[in-house]
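The structure appears right after this line, and notes come after that.
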Number of protein chains: 4
Amino acid sequence: MDTTADRPRQVQAEDCVLSGASAAKRAQILAGAARVFAEHGYEGASMSGIARDAGVSKGTLYNYFDSKATLFSAFVEQCACEKMPLLFSRIDEGANLTESLDHLAVAMVRLFTSPLSLMLNRIIISEAGNFPALAETFWKHGPQKAINILSAWLMQHNDAGVLNIPDPVFAAEQFYALCQTRIAARARMQLPVNTDEAHITFIARSAVRTFLNAYMREDPRLPPFVMERAPD
Amino acid sequence: MDTTADRPRQVQAEDCVLSGASAAKRAQILAGAARVFAEHGYEGASMSGIARDAGVSKGTLYNYFDSKATLFSAFVEQCACEKMPLLFSRIDEGANLTESLDHLAVAMVRLFTSPLSLMLNRIIISEAGNFPALAETFWKHGPQKAINILSAWLMQHNDAGVLNIPDPVFAAEQFYALCQTRIAARARMQLPVNTDEAHITFIARSAVRTFLNAYMREDPRLPPFVMERAPD
Amino acid sequence: MDTTADRPRQVQAEDCVLSGASAAKRAQILAGAARVFAEHGYEGASMSGIARDAGVSKGTLYNYFDSKATLFSAFVEQCACEKMPLLFSRIDEGANLTESLDHLAVAMVRLFTSPLSLMLNRIIISEAGNFPALAETFWKHGPQKAINILSAWLMQHNDAGVLNIPDPVFAAEQFYALCQTRIAARARMQLPVNTDEAHITFIARSAVRTFLNAYMREDPRLPPFVMERAPD
Amino acid sequence: MDTTADRPRQVQAEDCVLSGASAAKRAQILAGAARVFAEHGYEGASMSGIARDAGVSKGTLYNYFDSKATLFSAFVEQCACEKMPLLFSRIDEGANLTESLDHLAVAMVRLFTSPLSLMLNRIIISEAGNFPALAETFWKHGPQKAINILSAWLMQHNDAGVLNIPDPVFAAEQFYALCQTRIAARARMQLPVNTDEAHITFIARSAVRTFLNAYMREDPRLPPFVMERAPD
DNA sequence: GATGAATGAGCTTTCATTCAT
DNA sequence: GATGAATGAAAGCTCATTCAT
């Protein structure tokens with residue numbers, strides 16, 4: 001028996017009160033699903049558990065989502081489309097180029113240790129084989145967007161003659177990679193990482209210095225940036 | 001989760017024939033487990049499937065491993081202890097510093113796209129919450145060892161006055177991070193990556209140049225390395 | 001299981017507009033139920049599916065019928081009372097006795113392969129244990145009526161001296177059984193049957209000949225009917 | 001996960017004790033399944049109920065049969081292949097042709113009211129759409145076989161000049177149909193039928209007389225069989 | 001030591017029915 | 001009167017684990 005007749009369609013902005021209630025219930029279910037999927041992963045989560053956590057019956061779950069896989073996809077897509085963008089905020093213009101990049105690097109390092117980002121990474125890596133579309137979605141709304149914004153910003157400074165960047169997209173990707181130094185890989189595996197303010201600042205600044213030593217247009221009057229030791 | 005409790009220990013040279021057979025059967029089981037866990041993950045693998053793939057009965061599985069969790073741990077530990085080291089081979093000494101690092105960077109980029117490494121990463125990230133010890137083991141035998149070797153090597157060149165590295169461990173970690181540019185994150189999510197020889201070489205050389213521009217002791221007679229565009 | 005309890009009764013001529021609408025909706029629901037029950041049987045049909053097919057909400061279903069069982073009974077009774085009689089049309093008087101019986105036999109053979117009759121048979125046989133009343137109803141409006149009409153007709157010819165029928169009801173039942181030769185049992189089981197015009201005619205004629213050889217008053221001047229081979 | 005590794009293969013005659021136990025368990029399950037399917041039909045039966053009735057766990061059910069459908073098929077096939085033949089016993093040779101046919105007709109009428117035959121009929125008609133193969137199997141081992149034996153027997157008497165049967169198979173089918181007079185259709189629908197010895201004998205004898213009046217080679221010295229009234 | 005049949009809790013999913021709107 | 005969201009019992013099926021042989 002096809003259940004599509006029993007389920008609410010995607011709510012539109014102009015939908016009436018009933019549809020608003022529908023959308024609210026949908027959100028309520030997604031919230032419960034988020035908690036359970038985040039904690040137990042896809043296979044480890046049970047629809048019973050999600051129903052309990054969301055405060056609805058199992059039947060209601062299936063009124064809103066065709067299957068566990070559908071619910072999972074909806075959860076990941078929502079995170080990717082609605083919550084990820086909040087993490088990739090605009091590049092804060094600092095007093096100068098170095099400061100701006102420093103701000104950005106700190107934000108990125110923080111991102112790589114944020115629970116939401118880590119959870120999404122973990123879940124998408126776990127289920128990449130079974131839900132290839134989710135990895136695409138996540139990548140497009142997350143890393144891809146960040147790299148695009150950064151590469152555009154780098155190109156501006158390249159054109160302004162401050163930086164010398166033959167391949168801005170790749171440079172952005174290097175910057176993205178440098179910001180993962182020391183903590184990202186360990187955080188993904190839930191190994192302890194030092195998230196002290198000082199340590200994060202050090203990692204971010206080190207990323208910026210390494211990056212700028214490679215891409216700053218050489219100016220005979222300026223010495224290269226000096227690398228530092230990590231704080232104790 | 002301890003796998004050493006009441007199971008046949010690793011055979012010693014003086015062990016009798018029976019123990020030898022025991023060790024062989026253990027290896028046989030692990031081989032089957034490896035195939036099944038690698039393909040289906042922890043939750044997706046069934047003990048029946050492993051028994052079938054290993055060519056033993058389910059009862060025998062439980063004679064050698066207390067539980068699915070124990071078998072899984074043993075499988076991951078074996079990969080980490082026996083197979084990972086083969087991937088992190090010695091730094092090939094090249095004609096000079098740059099060449100040596102180039103070789104190493106290429107090896108690392110290749111590592112990050114090797115099926116074994118990706119599978120282990122995926123499996124450990126998936127089950128990090130349920131098997132924290134595995135992440136530790138993996139880290140110790142994989143990335144940690146690589147970083148240690150590299151940092152020692154960097155320190156040598158620092159002491160020799162070629163490089164100027166205030167924090168060799170962190171520098172090694174930056175090198176490690178730089179080698180992940182563009183492909184590692186995507187490969188982990190099973191998104192398509194370009195593994196052409198030319199592209200891998202480009203990523204590796206770019207990592208080395210960015211790295212050396214930051215850490216090469218400044219020599220007024222030498223210009224900094226010039227960054228390049230990616231090949232088409 | 002009684003469907004007449006607290007539901008809108010059959011509308012009378014003097015009923016108001018609302019009751020007319022009520023009866024129409026009831027018919028609309030029954031039409032949907034007919035399609036779904038006919039296709040999926042009792043257990044296989046879902047109230048959601050019936051509601052969808054009938055174009056009403058599930059709630060409305062329950063406003064008109066107390067339960068799935070009630071709706072099913074109403075559907076079967078409607079078929080039996082309204083549609084079956086159409087199948088058991090009057091005996092077409094032919095030019096003579098043999099021709100009349102031939103016409104009737106062909107009609108009966110056709111009946112036993114008609115989709116509606118087969119569906120009703122199948123459904124009633126399936127649910128006979130759970131809905132004993134339905135079998136009674138069906139029998140009364142279907143086979144029983146046919147046998148009654150036929151036995152009355154036979155009795156006329158008996159009294160007219162053409163036939164010699166000591167037990168007209170039983171004779172009618174034999175005729176009814178003879179018309180089922182070869183195809184009825186197979187059609188009930190959805191096994192392939194030959195419904196070619198020629199084949200049906202052969203079965204019908206054979207039934208009539210066998211019947212008349214047994215019940216025709218012996219007339220020394222007339223030879224018995226000769227049985228034939230089936231057409232290729 | 002494929003469960004085929006966990007299930008026992010079809011036991012052979014020469015199988016050892018273990019396989020004997022396996023076959024016994026299989027039979028035990030089939031016995032339970034028979035009771036439950038016979039009572040509730042396919043859809044109405046639950047695997048839990050069958051497990052309970054058979055005295056095994058649900059898991060064991062699935063160790064022996066892949067699915068509910070498989071178990072159902074096995075049950076029907078077993079009935080058709082092993083139990084049906086017992087019902088279609090050989091034609092008891094009577095003192096003469098009429099007596100032989102009388103014996104056979106009585107056996108057939110009894111068959112059409114036997115609980116096993118009725119149950120099989122009911123179940124196969126119910127599930128003919130979903131299990132077309134079962135109807136084929138049933139037909140082949142039941143009616144088909146009976147008709148074959150009977151038609152061969154009729155042909156012998158035809159060749160011996162006693163009967164005059166242009167189409168022995170069709171004649172056998174008419175005999176088969178005649179034996180269903182009055183009771184078969186009603187029994188299939190679980191409507192009350194008169195199974196008194198006298199009544200069954202009457203139906204059987206009437207079938208034989210009607211049949212012989214059509215197919216007995218005309219012998220001017222012999223009058224046709226006289227039809228009778230049913231006993232009160 | 002090896003086997004694999006047996007277990008039963010637990011899974012995802014369906015659906016008749018209710019009831020607030 | 002009509003709606004359809006919500007319910008929750010019950011379905012078919014899986015699988016880690018045990019244990020008699």
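It should be emphasised that the depicted structure is a prediction, and the values quoted were computed from it without experimental measurement. Below, read A as the first sequence line, B as the second, and so on, with proteins coming before strands; counting in each chain starts at 1.
Between dA6(E) and Lys25(D), a contact under 4.0 Å exists linking OP1 or OP2 to a side-chain N or O. Applying the 4.0 Å criterion to OP1 and OP2 of dG8(F), one finds that Lys58(A) has every side-chain N and O outside that range. When the side-chain nitrogen and oxygen atoms of Tyr62(B) are compared with OP1 and OP2 of dT3(E), none of them lie within a distance under 4.0 Å.
Taking Ser73(A) as the reference, nothing meets the side chain to side chain donor-acceptor pair (under 3.5 Å) condition, with sequence neighbours excluded. Under the ring pair (Phe, Tyr, Trp, His ring centres under 6.0 Å) criterion, Phe72(A) pairs with Phe37(A), Tyr42(A), Phe131(A), sequence neighbours left out. Scanning for side-chain contact (heavy atoms from CB on, under 4.5 Å) contacts around Ala34(B) gives Phe75(B), with sequence neighbours left out.
Rounded to whole Å, atom C1' of dT14(E) lies 13 Å from atom NZ of Lys68(D). One atom, CG of Leu71(C), and another, C1' of dC15(E), lie 15 Å apart when rounded to the nearest Å. If you measure from atom CG of Leu61(B) to atom P of dC19(F), you get 17 Å, rounded to the nearest angstrom. The CD1 atom of Ile29(A) sits 10 Å away from the C1' atom of dA5(F) (whole-angstrom rounding). Between Phe65(D) atom CZ and dG12(F) atom C1' the separation is 16 Å, expressed in whole Å. At whole-Å resolution of the value, CG in Asn63(C) and P in dG4(F) are 13 Å apart. Atom CD of Gln28(A) and atom P of dT7(F) are 9 Å apart (whole Å).
Among the atoms of the strands shown, only primed sugar atoms or phosphate atoms (P, OP1, OP2) are found under 4.0 Å from some heavy atom of Ala45(A).
Looking at which nucleotide of DNA chain F each of Glu43(D) and Thr60(D) is closest to, the 5′-most match is held by Glu43(D).
For the residue pair Val76(A) and Leu120(A), the shortest heavy atom distance occurs at CG1-CD2, 4.2 Å.
Of all the residues in residues 46-57 of chain D, Ser46(D), Met47(D) reach under 4.0 Å from DNA chain F with at least one non-hydrogen atom.
In this structure, His40(A) NE2 and Arg35(A) CZ are separated by 12.5 Å, a value rounded to the nearest 0.5 Å.
Helical stems in DNA chain F, defined as runs of 3 or more consecutive Watson-Crick or G-U wobble pairs with donor-acceptor distances under 3.5 Å: E:2-21 with F:2-21.
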Can you list, pair by pair, the side-chain donor-acceptor contacts under 3.5 Å of residues 43-52 of chain D, counting residues two or more places apart and other chains?
residue	atom	partner	partner atom	Å
Ser46(D)	OG	Gly49(D)	N	2.9

Run Val56(C) and Gln28(C) through side chain to side chain contact (heavy atoms under 4.5 Å, CB included) and show every step you take.
CA-CA 9 Å; Val56(C) 300; Gln28(C) 179 185 346; 3.6 Å; yes
